[in-house]
A.B. asks: 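What follows is a single structure, and I will ask about it in a moment.
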Amino acid sequence: MKRARIGVIAAAILAVATIAWAQKPDFSGTWQLDPEQSQMGGGGRGGGGMAQMTVKQTAEMLTVERQGRGGTVSTTYKLDGSESVNTVTGRGGESMEQRSTAKWDGAKLVVVTKTGETESTQTWSLANGMLTIERTGGRGPSKAVYKKTT
């Protein structure tokens with residue numbers, strides 16, 4: 001009887017640990033770039049990048065809204081690893097199609113985007129209330145660190 005009770009307790013602890021491990025961070029909110037902690041474009045500090053963005057997240061989708069030259073720019077990513085297609089404004093003002101896949105790697109979200117022949121990767125993570133997006137490919141490595149404002 002005592003062994004059975006210990007087995008049940010061990011199974012309960014394992015189940016709780018598994019659920020805690022499986023939880024994904026919620027990136028929802030309005031985020032302001034922290035230039036002091038960021039390294040944008042080739043390792044330089046501050047400058048460039050999205051100064052502010054609003055993120056909306058559900059179990060299935062992540063939507064990022066930011067202000068661009070022509071108004072609000074919105075990109076949406078499916079969180080199940082299937083392909084998402086977004087149209088963005090490229091250099092010279094022409095529309096370009098981006099194809100992205102987003103999937104979880106533990107508590108990090110990895111988004112791989114192809115625009116034409118260029119491929120880039122964003123890795124999103126949360127720590128101590130700060131959102132960090134590390135990028136590779138495209139214009140070179142960068143790290144954007146954001147503080148949540150709402």
A.B. asks: Just how far is it from atom CD of Gln67 to atom OG1 of Thr54, taken to the nearest 0.5 Å?
C.D. replies: 8.5 Å
A.B. asks: Measure the spacing between CD of Gln52 and CZ of Arg66 and express it to the nearest 0.5 Å.
C.D. replies: 13.0 Å
A.B. asks: Should Trp104 and Leu131 be regarded as members of a common hydrophobic cluster, given that ILVMFWY residues are connected when their side-chain heavy atoms come within less than 4.5 Å of each other, either directly or indirectly?
C.D. replies: yes
A.B. asks: Would you name the heavy atoms of Glu83 and Thr101 that are closest together and state the gap between them?
C.D. replies: CA-CG2, 4.1 Å
A.B. asks: Does any N or O in the side chain of Ser28 come within less than 3.5 Å of the main-chain N or O of Gln57, such that one atom is a donor and the other an acceptor?
C.D. replies: yes
A.B. asks: May I ask you to decide if Thr30's main-chain N or O and Thr149's side chain share a donor-acceptor pair within less than 3.5 Å?
C.D. replies: yes
A.B. asks: I want to check something: taking the side chain as every heavy atom from C-beta on, are Lys143 and Thr132 in contact at a cut-off of under 4.5 Å?
C.D. replies: yes
A.B. asks: Drop me the distance from Met53's CE to Thr63's OG1, to the nearest 0.5 angstrom.
C.D. replies: 12.5 Å
A.B. asks: Just checking, is any N or O donor in the side chain of Ser142 or Gln39 under 3.5 Å from an acceptor N or O on the other one?
C.D. replies: no
A.B. asks: Which heavy atom of Thr75 sits nearest a heavy atom of Asn86, and at what distance?
C.D. replies: CA-OD1, 3.4 Å
A.B. asks: Other than Met96, what residues sit in its cluster of Ile, Leu, Val, Met, Phe, Trp and Tyr side chains whose heavy atoms are under 4.5 Å apart, directly or through others?
C.D. replies: Val88
A.B. asks: If I take atom OH from residue Tyr77 and atom OG from residue Ser100, how far apart are they, to the nearest 0.5 angstrom?
C.D. replies: 5.0 Å
A.B. asks: I would like to know whether Asp80 and Glu60 meet side-chain contact (heavy atoms from CB on, under 4.5 Å); could you show each step before the answer?
C.D. replies: CA-CA 7 Å; Asp80 63 1; Glu60 298 83 27; over 6 Å; no
A.B. asks: Do Ser38 and Leu33 have side chains that approach each other closer than 4.5 Å (heavy atoms only, starting at C-beta)?
C.D. replies: yes
A.B. asks: Less than 4.5 Å apart, any side-chain heavy atom of Thr121 and any of Val111?
C.D. replies: no
A.B. asks: Does any N or O in the side chain of Glu65 come within less than 3.5 Å of the main-chain N or O of Thr72, such that one atom is a donor and the other an acceptor?
C.D. replies: no
A.B. asks: Measure across Gln32 and Ala51 and return the closest heavy-atom pair with its distance rounded to 0.1 Å.
C.D. replies: NE2-O, 3.1 Å
A.B. asks: Strictly distance-based, threshold 3.5 Å: is any side-chain N or O of Thr115 a donor or acceptor partner for the main-chain N or O of Thr118?
C.D. replies: no
A.B. asks: Between atom CZ of Phe27 and atom CD1 of Ile133, what is the distance when rounded to the nearest 0.5 Å?
C.D. replies: 8.0 Å
A.B. asks: When Ile, Leu, Val, Met, Phe, Trp and Tyr are grouped by side-chain heavy atoms lying under 4.5 Å apart, directly or through other members, which residues fall in the same group as Val145?
C.D. replies: Met130
A.B. asks: If a pair satisfies salt bridge (Lys or Arg N to Asp or Glu O under 4.0 Å) and one of its residues is in residues 112-130, list it, with sequence neighbours excluded.
C.D. replies: Lys114-Glu119
A.B. asks: With heavy-atom distances below 4.5 Å as the criterion, would you say the side chains of Leu62 and Trp124 are in contact?
C.D. replies: yes
A.B. asks: Which atom names give the shortest non-hydrogen contact between Pro25 and Ala107, and what distance separates them?
C.D. replies: CG-O, 3.2 Å
A.B. asks: What heavy-atom pair brings Leu126 and Asp26 nearest, and what distance separates the two atoms?
C.D. replies: CD1-O, 3.6 Å
A.B. asks: Roughly how far, to the nearest 0.5 Å, is OG1 of Thr123 from CD of Glu134?
C.D. replies: 6.5 Å
A.B. asks: Does Lys148, at its NZ atom, have more than 12 non-hydrogen atoms belonging to other residues, nucleotides or ligands within less than 6.0 Å?
C.D. replies: yes
A.B. asks: Indicate yes or no for a side-chain donor-acceptor contact from Ser120 to the backbone of Thr136 under 3.5 Å, with no hydrogens or angles considered.
C.D. replies: no
